[in-house]
Novice: 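Dumping the structure here so I can ask a few things about it.
Values in this document were obtained by computation on a predicted structure and should not be read as measured data. Here, residue 1 is the first one in the sequence, and each next residue gets the next number.
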Amino acid sequence: MSYTIRRFQPGDRDAMLAFAQGLPEHDLLFLGRDLRHPRVIEAWQDAIVEGWIDSLIAGDGGSLVGSAALVRDPLSWSAHVGEVRLLVAGDRRGAGLGRDLLEAIFAVAAAHGLAKLTAAMTTDQLGSIALFESLGFRAEAMLKDHVRGRDGVTHDLAILAYDVERTTQRNRAFGVE
């Protein structure tokens, strides 16, 4: 599988819109906003310019096949925490693209000196949960019936967390760097 990972740029708006529209609604529920609307992507790009979001995309030829974002609020009481958001095209799952995007986001988080990362996903997204857990995230909370699709069905939202210092210490204890 070939792809390149780079920063999300203003010229990527239409490609991101096409990518998001190709994903099932269920894959987008954890985002809080429906990424299939141009105004949501414009707000995302504004937040990148303002420094609240760092966003990476994975491209293959002229189309997007994945995206990862690190959302921060440097003015909040939780300025040491970043929220990770990951989207991978259905036909690209299970081949390492999600892991590559997350590892790239880890580098961005380290550059910001973040102490903790969180990620949210519906509890039935078992592949995503397994991927995040394989990289050191652990379940921290579950919000019952927290998101609702257009069909009216509610879904529980899992919150996973990655404690940078604790995970680094545990890895060192097991000889992993």
Novice: With hydrophobic residues grouped by side-chain heavy-atom distances under 4.5 Å, do L117 and L135 end up in a single group?
Specialist: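 Both belong to a single hydrophobic cluster.
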Novice: Quick check: closest heavy atoms across L23 and R93, and the distance to 0.1 Å?
Specialist: CD2-NH2, 4.1 Å
Novice: Please test L31 against L87 for side chain to side chain contact (heavy atoms under 4.5 Å, CB included), starting from the C-alpha separation and ending with a verdict.
Specialist: CA-CA 10 Å; L31 293 173; L87 293 168; 4.2 Å; yes
Novice: Do L157 and M142 have side chains that get closer than 4.5 Å, going by heavy atoms?
Specialist: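 No, too far: nothing below the 4.5 Å cut-off.
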Novice: If you look at every heavy atom in A104 and L56, which pair is closest and at what distance?
Specialist: CB-CD1, 3.4 Å
Novice: For the CG atom of L97 and the CG atom of L131, what is their distance to the nearest 0.5 Å?
Specialist: 10.0 Å
Novice: Quick one: pull up CZ in R36 and CG in L17 and give me the separation to the nearest 0.5 Å.
Specialist: 10.5 Å
Novice: Is the backbone of G149 close enough, under 3.5 Å, to the side chain of E25 for a donor and an acceptor to pair up by distance?
Specialist: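 No.
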Novice: Do you know the tightest heavy-atom contact between A43 and R33?
Specialist: CB-NH1, 3.7 Å
Novice: Between L160 and M121, is the side chain to side chain contact (heavy atoms under 4.5 Å, CB included) condition met? List the steps.
Specialist: CA-CA 8 Å; L160 288 85; M121 59 208 70; 4.0 Å; yes
Novice: Is the shortest distance from a Lys or Arg side-chain nitrogen in D46 or R39 to a carboxylate oxygen in the other one below 4.0 Å?
Specialist: no
Novice: Would a distance-only check, ignoring hydrogens and angles, find a side-chain to backbone donor-acceptor pair under 3.5 Å from R85 to V71?
Specialist: no
Novice: Measure the CE-OG distance between M16 and S63 for me, rounded to the nearest 0.5 Å.
Specialist: 11.5 Å
Novice: Look up atom CG in D124 and atom CG in D156, then write down how far apart they are to the nearest 0.5 Å.
Specialist: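 Interatomic distance, D124 CG to D156 CG, rounded to 0.5 Å: 9.0 Å.
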Novice: Does anything in residues 40-94 form a ring-ring contact (aromatic ring centres under 6.0 Å, His included)? List the pairs, not counting sequence neighbours.
Specialist: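 Listed by first then second residue: F8-W44.
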Novice: Any side-chain heavy-atom pair from D54 and R7 closer than 4.5 angstrom?
Specialist: yes
Novice: Working to the nearest 0.5 Å, report the span between CG of L35 and CG of D27.
Specialist: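 Here the interatomic distance stands at 11.5 Å.
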Novice: Side chain to side chain contact (heavy atoms under 4.5 Å, CB included) for D100 and I5? Distances and angles first, verdict last.
Specialist: CA-CA 9 Å; D100 289 347; I5 296 174; 3.9 Å; yes
Novice: If only atom types and distance count, is the side chain of E83 paired as donor or acceptor with the main-chain N or O of A119 below 3.5 Å?
Specialist: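 Side chain of E83 to backbone of A119: no pair is present.
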Novice: Which atom names give the shortest non-hydrogen contact between L101 and S67, and what distance separates them?
Specialist: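 Result for this residue pair: CD1-N, 3.7 Å.
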Novice: When you group the ILVMFWY residues by side-chain heavy-atom contacts below 4.5 Å and let the links chain together, are I129 and F106 in the same group?
Specialist: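 Yes; I129 is reachable from F106 via cluster members.
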Novice: Same cluster or not: F30 versus V84, using hydrophobic residues (I, L, V, M, F, W, Y) connected whenever any side-chain heavy atoms lie under 4.5 Å apart?
Specialist: no
Novice: Among all residues two or more places apart in sequence or in another chain, which pass the ring pair (Phe, Tyr, Trp, His ring centres under 6.0 Å) test with F132?
Specialist: F137
Novice: So does E133 get a backbone contact from the side chain of R138, meaning a donor-acceptor N/O pair under 3.5 Å?
Specialist: yes
Novice: Does I159 belong to the same Ile/Leu/Val/Met/Phe/Trp/Tyr cluster as L70, with side-chain heavy atoms less than 4.5 Å apart forming each link?
Specialist: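 In one cluster with I159: L70, no.
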Novice: Please find the pair of heavy atoms, one from R72 and one from G51, that lie closest to each other, and give the distance.
Specialist: NH2-O, 2.6 Å
Novice: Is L28 close to H26 at the side-chain level, that is, under 4.5 Å between some pair of heavy atoms?
Specialist: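 Contact flag for H26/L28 side chains = no.
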Novice: Between T154 and H146, is there a side-chain donor-acceptor contact under 3.5 Å, judged purely by atom types and distance?
Specialist: no
Novice: If you look at every heavy atom in I53 and A69, which pair is closest and at what distance?
Specialist: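 In terms of heavy atoms, the two residues are closest at CG2-CB, 4.1 Å.
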Novice: According to a hydrophobic-cluster definition based on side-chain heavy atoms being under 4.5 Å apart (Ile, Leu, Val, Met, Phe, Trp, Tyr only), do V88 and F19 belong together?
Specialist: no
Novice: State whether the side chain of D60 and the backbone N or O of Y3 hold a donor-acceptor pair below 3.5 Å, judged by distance alone.
Specialist: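 A pair under 3.5 Å: no.
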Novice: With distance as the sole test, does Q125 use its side chain to make a donor-acceptor pair with the main-chain N or O of T122 at under 3.5 Å?
Specialist: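 Side chain of Q125 to backbone of T122, a donor-acceptor pair under 3.5 Å: yes, one is there.
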Novice: May I ask you to check whether over 12 heavy atoms, not counting those of R148, lie within 6.0 Å of atom CZ?
Specialist: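 Open: at most 12 neighbouring heavy atoms sit under 6.0 Å from CZ of R148.
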Novice: Pairing donors with acceptors under 3.5 angstrom, does anything connect the side chains of S134 and R99?
Specialist: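 Indeed, the side chains of S134 and R99 share at least one donor-acceptor pair under 3.5 Å.
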Novice: Do L86 and L102 have side chains that get closer than 4.5 Å, going by heavy atoms?
Specialist: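 In contact.
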